[in-house]
Each structure stands twice: as structure tokens, then as C-alpha cells.
Amino acid sequence: MSALQPSELDRPTLARDRSAADTDLKSVTAALRRAEFGDRMRSLLLAAPLLVLLALSFGIPIVLLLSRAVYDPTIAEALPKTTAALAGWNGQGLPGDDAFAALAADLKDNRAKGTAYELAKSLNARLPGARSQVLKTVRKLESADGQAALEAMKSVPFWSAPTTWPTIQSGTSTLTSFYLLSALDLRWNADGGIERVPPEQAIFVQVFLRTFFVAASVTLATLILGFPLAYVIANVPKGLAAILIVAVLLPFWTSILVRTAAWTVLLQKFGLVNDFLLFIGIASDRLDLMYSRVGLIVAMTHIQLPFTLLPIYSVMRTIPPSQLKAAYSLGARPFTAFRRVYIPQVFPGVMAGCLLTFILCLGYYITPALIGGASDQLISNFIANYVNVELNWEMAAALSFILLVFTLALFGIFARILGLDRLKLM
Amino acid sequence: MSASQAVLPAASTTIARAAQAGAGAQGFVEFADVEKSYDGRTFAVTRMNLTVARGEFLTLLGPSGSGKTTTLNMLAGFERPTHGTITLQGQPVDRLPPYQRNIGMVFQNYALFPHMTVEENVGFPLSVRQVSKADIATRVARVLDMVRLKQFGDRRPTQLSGGQQQRVALARALVFEPSLVLMDEPLGALDKKLREHMQLEIKQIHTMLGVTIVYVTHDQSEALTMSDRVAVFNNGGIAQLGSPDDLYNTPQSSFVASFIGENNTLEGVVDRVSGKECRVRLNGGGEITALAVGATQDSACHVAIRPERLSLAPAAPGANALPATVDGRIYLGDHMRLLARLANDQVLTVKVGPEATMANGETVTVSCAPNDCRAFPADPGTGGALPKQGKTT
Ligand SMILES: Nc1ncnc2c1ncn2[C@@H]1O[C@H](COP(=O)(O)OP(=O)(O)OP(=O)(O)O)[C@@H](O)[C@H]1O
Ligand SMILES: [Mg+2]
């Protein structure tokens, strides 16, 4: 009896204790969460200046620029009357005379405002040859009004061509898929479906493929060259390793332009490389290394090597030699040990290095411009051309957008395969 | 360290004797005149002769840098001797790469493969030996069961505690049933409690499987509790090789005497040698009779006496009696240590019962039998670390 007493007494006490402990635990968790939230806010606050700077100088401009790929109000703003007149048109054949009259009036207005050239250029981007037609018509309309203006319009065959009015109509909508489709060598056909542009007009798919091919080749070359070098650096005594690292990083200390220029000196027809190849008798004639794909890949590989090598090296350095020793002692031959113990552990570094190089290669501009031939220009060279020469920012934006989407998709795939946390960039 | 001595299982001493007997003709592992130099100027291992018997638990014990790891690495095949031969089951292994030696090895930092699960880690030596998947599964399960890690099979090494990782490393080194397992300070990273627990487990596995184990440690109590025999390393050579009680009770050099267990060391000069015994004039006054272990007439010597061999009881006839004053008392629960200052100002530690009542400053007489005092030559350079002593099996 007396032995039972304490346990009977104990039970409610215990229960009370437990619930008290439970609430204690809850309040502890809550407090912990509050504390963590505070910590996170504080660290966010520290990063805030950088985040604001990034948003202002990087995020917003990119969004604005990319939006030009799909948002193009030039034609709609220049042709308000035509926009109204075409609102009910079904896109078949030619629109009614009111549309011709409205366009004539809009063109005269543009002439008066001095925006005719802008309009001509914008239409020309969508309809090759439109520029001269627009400017010619504007001149004809100078002294014509009403019926005369209508006749002046009809006298220019361009305005009665089958593709002209559908293009104008699509231009009057401020949102357009035209540039994005063009960036992939696609267009709307007359039935409202999407089709490939004729082969003689197709350029960008080929350029994208070329860009990916060059990027992949360079990535592979840097991996083949960089992996053994990283292994050596990670396994030699410290002093020697430091010297080798400096040797790898040395090119970083000169500008990319200088490095590229150096390669033009080496690769040109009467340059050192050709001299050497002739001297040792590998080549019987001087090779066209400049302005060639091979030369481009060689130069890019040189520039990209540290980007591939460093992440691999930094991972290799963390793998203790006892890992391979353990594998040997467990009966693995050197190759098996390397494949099953070393490679899997270096893999995140290899992936990170390759990804870095691949993505950087997609955006290469100076090196292809200086070393590549006409058929070695990469997508960035086209984007630059649209920005600087053609002043067609919409097309530049569309190409950039497609490139960005590809890059992000690639990054997503890598991150998915590997897990973002395992991607060891440095 | 008499405590660890007391718990030493009687069985292991028997094995040690058997091992020593068996080692006579041809050892399981044999080092013959093995030398190793990394830089061509200094020797990490000098002229080593060592025989390990089949089924033996041999520990290499020694201070840092004394060549234990180097010895183990040469046996495992990671380093090549610069001189001499190592034979394994009668076969010279100089040209045999590590992956063909069939030796299990447990590394100090475990060297588990972080990208594999526990099961994959343990299965690795089997899969590189082309064992079938089903066989691997059963054998891995069996060995994981043995190290009591059955439920952790699909975890990664980083998700395990230090002791668990240690057991995975052990399982991995045992799963392919090597006849020789090497362990380089496998318990060095564990806390004291876990270390003692793992010592027992390793010992049990050794008894159960009958494998030969060469074990490296610089923890002398670990060496004494676990081993059949211990090789005490000093300066790249074996200072003494013997069973734990040999090493504790009959150290052959001043280095071994002070490295293993606690010792009082008295400095003096040998006055005269008579038979096994010698009379030593202590520096600063006083005399003592001791066993002459290498000490020669008129040479400087060190006399080593264990604290538990000293007594405050009246000296028996023929025993040494040294007048002293109590200089301090250290209470340790089950016993007490008295610091007794001799007339020549040297301080002896005396182990007495916890009930001892001597007060500081009290005059006492410290006594000990000559058999418990060992006189070694004072020069540590020739104090028994001579390579030729390696063969004292
Ligand atoms: N790879 C190496 N290169 C050069 N010298 C070495 C190398 N490994 C060990 N040594 C030297 O050889 C000697 C013995 O080293 P070893 O590693 O065998 O000692 P140890 O007994 O295992 O010591 P610890 O208890 O500290 O592990 C040391 O003087 C050490 O400096
Ligand atoms: Mg060591």
C-alpha cells in the first residue's frame, strides 16, 4: 500500500510536468524562430545596399531591355488612325479605302511631326524593304489631300502587296511575338499558325547552334586540359602549388582584349604558331588559323581555362589522400579507386567549372569578333550588331531573351541533377 | 597504470604466450632489417626486426614521430622500405601493391567515402572483388550486425557520430575477411568514455574472428589493455617488445620504464655491481640497492621505482630504507599519493592506502625491495633503443 502511494501521487504531477514541459518547448521554439527571424532580417539589412544597387543597375535595366522584345509601341503610336481603321479588319485580302485614307493621314502627320523615318525603320524591321517605300509614299503625299491622297497610296504597289497590311495590323498591337519568333527563325503564316521562315532568311537557329557548339567545345577542351592540371596542383607540395596557381591566374591580370590580341599575333598566317608547325613539319603549308573556328576555340579555351580549373582544384584540395589510400587498401586498383572514389567526390567541382565556362562562353563577344571569321560569329556578336549598327533594339532584346532562357534552363537542369547546394563554384 | 593491468583478461596473456611460441620458426608478418628514410638523411624507421604471429594483437606504442605510422604504411604497401624485407605469410611483399595485399586498414580519420552510404562503404571491398550483389548484401548485413549498426545502413557517414563512423571503418576493414588488419590510432578522435567502449569492442571482435591485428596508438593504457604484445617505439626503432606485464614489470630501459606507467626516477652513479644487483650512490647523498639492468660499474644511472612498490612500512631485512619528509598528499579516493622528499631533495611519489594519516612535514622512512628498483644506464641515446633489441621475442 505504502509502495503504491508515491506512484499514485506521482502520476498527476508527472502529467502536469509534461504539459508544462510541452508549453515550455513551444515557447522555446517560438522564441527561437523569433530570434532567427531577427537574425535573418539583420543580415538582410546588411546586404540591402548591394541588393538595391543590383536591382537599380542590373535588374531593372535588364527587365526594361528584355521587355522590348515583346513590347513595341512605335507603330501603334505612329499610326493611331490606321489602328482604329484596322480594328475590325479580318486580315483577308486588302482592307477598305478608309484604311488607305487613314494610313495616308497618319503618314502625313508623321511627316509633320518629323517621325516618318522612325516609322519607316520600324516597319522595315518587320517587312524588309518597307523603309524606302514608306519614305517614297510620304514624299508623294506631300501635296495630296483627300481623294488625291488615296490615289497616291494606290499608285505605290507596295501598299497593295499581300503581306503589307497584315504586317501593319500586327504592328498596331503594342504587344508582339514577332521578334521572339524571328529570333528562332519562325513567323506567323497567313492562317495564323507558326511556320519556319524560308531557309534563305533563316539565320539565328544556326547561330544559336554554333554558339552552343563553340561553348561546348571550349568547355570540353578546358576540362581535358584543366582536370589533370588541377589534380597536379592539388597534389604537389604547397610552394609549387602556389607557383602553378599563379601561372594559371596570370592571364587574369591582363585584359581580355590584350589576351585576344595576343592570340591574333600568334595565330596569323605568318605568326608564331604557323612558323612552329612548319618548323616541326606537322603542316606542309601555312594554315588559316586566324578567322577560323579552330583559332577561335583555341583562344577561348585559353581565356576560360582558369574558370574551369579553379572550382575543380578547390574541390580536389578538400579530398584527403587517405581516401585513395583507403580504396587501395580495400582492394581497388588505381583506376577503380579513381573512378569510384575520386571522381564522384570531384564531380560537383567539375560540374561547377564546366557550367561556369559554358555559360560564359555563350556570351563571348570580343574574341569571336577579333579572331573568328564571318561564319564564326556567335550570338552576342549579332546582338551587338543589332544594338550598335542596325539600331534594332527589339531584335537585340529578343535574341538576348532567348539566350537568357536557354542559359537559365541549362542552369536549372544542372542544379536539378546535382542539387544547388552541392554545386561548388569556389 | 596498475589498474588497467589488473583487468587484463587472463586469456589474452595465454594467447600471447602461444603467439610467441608459434612465432618461432616463421611469423605471419616479418620485418627483416627494415629501414625507411623519407629524405635520405634521417631515418623514420631504423633497422627494424619484428615478427607478428598469426592471430596476435600487436600494438605499436610510442611517442609522436617515433615511426609507428611509417611502419604500418610499409606493411600496408603505401610506403616502400629503403632497406630490408617485409614478408607476409612467408611471401616477400616488396613488389606487391597495396590493393593486392589483402590487408584491412582502419585509418585515424576513418577515411570513409562521403559519397557512399554506410552499406556502400562496407560493400566497397567486396564489389571491387567482383562478389555478387546478393552475397555483398548478406555479408554487409552480417558485419554491420556485428558492429551493431544494422539500422544505419542507408545513412551517409556524415550523418553518424564519431563512434559509429569508427565502427563503419572497422566493418569495412573486416568485411572482406582479411587475415591481417592494421589500425592507425583508430580511437584517437573519440572521447575517453567512447574510446574505452570501443577498445572492448575491438578486442571482442579480435577474439571472435581470430584475425591478426597490428594496432597503433600513443596511449599506453590502451596498449596495455588490448594487446597480446606491445612494441614500444622510440626514435624509429623498437625499444622493447613484450607482453604488457613484461613491459610494466621488467622494462629494459629508462625510456620504457618512464613511458609505460608511472615511475619515480632517482639519478645516481653505480658504486659496485655484485651479481644481478648493484649499489647506487644517489646524486646529492644516499645509497640504494637495485637490479642492474644494463647499468655498469662507475657509470651514471637512473633508478626507476614504481610508486606502488614503495612503502612506508618498516623495511624488511635487505630492503632499501630511505629517510624522507612528507611534502604533499594527493587524495584519489581509492588510494593516496604521498610526495616524500629525500635527504638529497629528490621527491618520490609513494602510493599508500587512503587511510594514511601522515601530515606534511612528518618524517618517514620509504622502503622498497632491491628487486623493485631497476638501474638503467643514464644516457638515453644508448638506453636500450638499440635496433637489435627488436628481436626480443
Ligand atoms: N611523408 C613523409 N615525408 C617525410 N617525412 C615523413 C613523412 N611521414 C613521416 N615522416 C617523418 O618520419 C618520422 C616518423 O613519422 P611517423 O608518421 O611514422 O610517426 P608516428 O609514430 O606515426 O607519429 P604520430 O604518433 O605522431 O602519428 C617523423 O619524423 C616524420 O616527420
Ligand atoms: Mg602516426
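Below, read A as the first sequence line, B as the second, and so on, with proteins coming before strands; counting in each chain starts at 1.
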(message) Does anything in residues 99-107 of chain B reach chain A? List residues with heavy atoms under 4.5 Å apart, or say none.
(response) Tyr99(B), Gln100(B), Ile103(B), Met105(B), Phe107(B)

(request) Under the side chain to side chain donor-acceptor pair (under 3.5 Å) rule, collect the residues that match up with Asp184(B), sequence neighbours excluded. (result) Thr69(B)

(request) Give a yes/no verdict on a cation-pi contact between Arg172(B) and Phe113(B), requiring under 6.0 Å between NZ or CZ and the six-membered ring centre and an angle within 45° of the axis. (result) yes

Only distances under 3.5 Å count here; give the side-chain donor-acceptor pairs of residues 322-330 of chain A to other protein atoms, sequence neighbours excluded, each with its distance to 0.1 Å.
residue   : atom : partner   : partner atom : Å
Gln323(A) : OE1  : Gln345(A) : NE2          : 2.8
Gln323(A) : NE2  : Leu112(B) : O            : 2.8
Ser329(A) : OG   : Ala326(A) : O            : 3.0

(request) Evaluate the salt bridge (charged side-chain N to carboxylate O under 4.0 Å, His left out) criterion for residues Arg142(B) and Asp145(B): first the C-alpha distance (whole Å), next the side-chain angles of each, then the deciding distance (0.1 Å), finally the verdict. (result) CA-CA 5 Å; Arg142(B) 190 161 9 121; Asp145(B) 198 24; over 6 Å; no

(message) Quick check on the interface: out of Ser127(B), Ala169(B), Ala76(B), Pro97(B), who has the most heavy-atom pairs with chain A under 4.5 Å?
(response) Ser127(B)

Can you list, pair by pair, the side-chain donor-acceptor contacts under 3.5 Å of residues 349-364 of chain A, counting residues two or more places apart and other chains?
residue   : atom : partner   : partner atom : Å
Thr357(A) : OG1  : Gln304(A) : NE2          : 3.3
Thr357(A) : OG1  : Thr308(A) : OG1          : 2.5
Tyr364(A) : OH   : Gln304(A) : OE1          : 2.8

(request) Evaluate the side-chain contact (heavy atoms from CB on, under 4.5 Å) criterion for residues Val248(A) and Leu305(A): first the C-alpha distance (whole Å), next the side-chain angles of each, then the deciding distance (0.1 Å), finally the verdict. (result) CA-CA 8 Å; Val248(A) 168; Leu305(A) 187 63; 5.5 Å; no

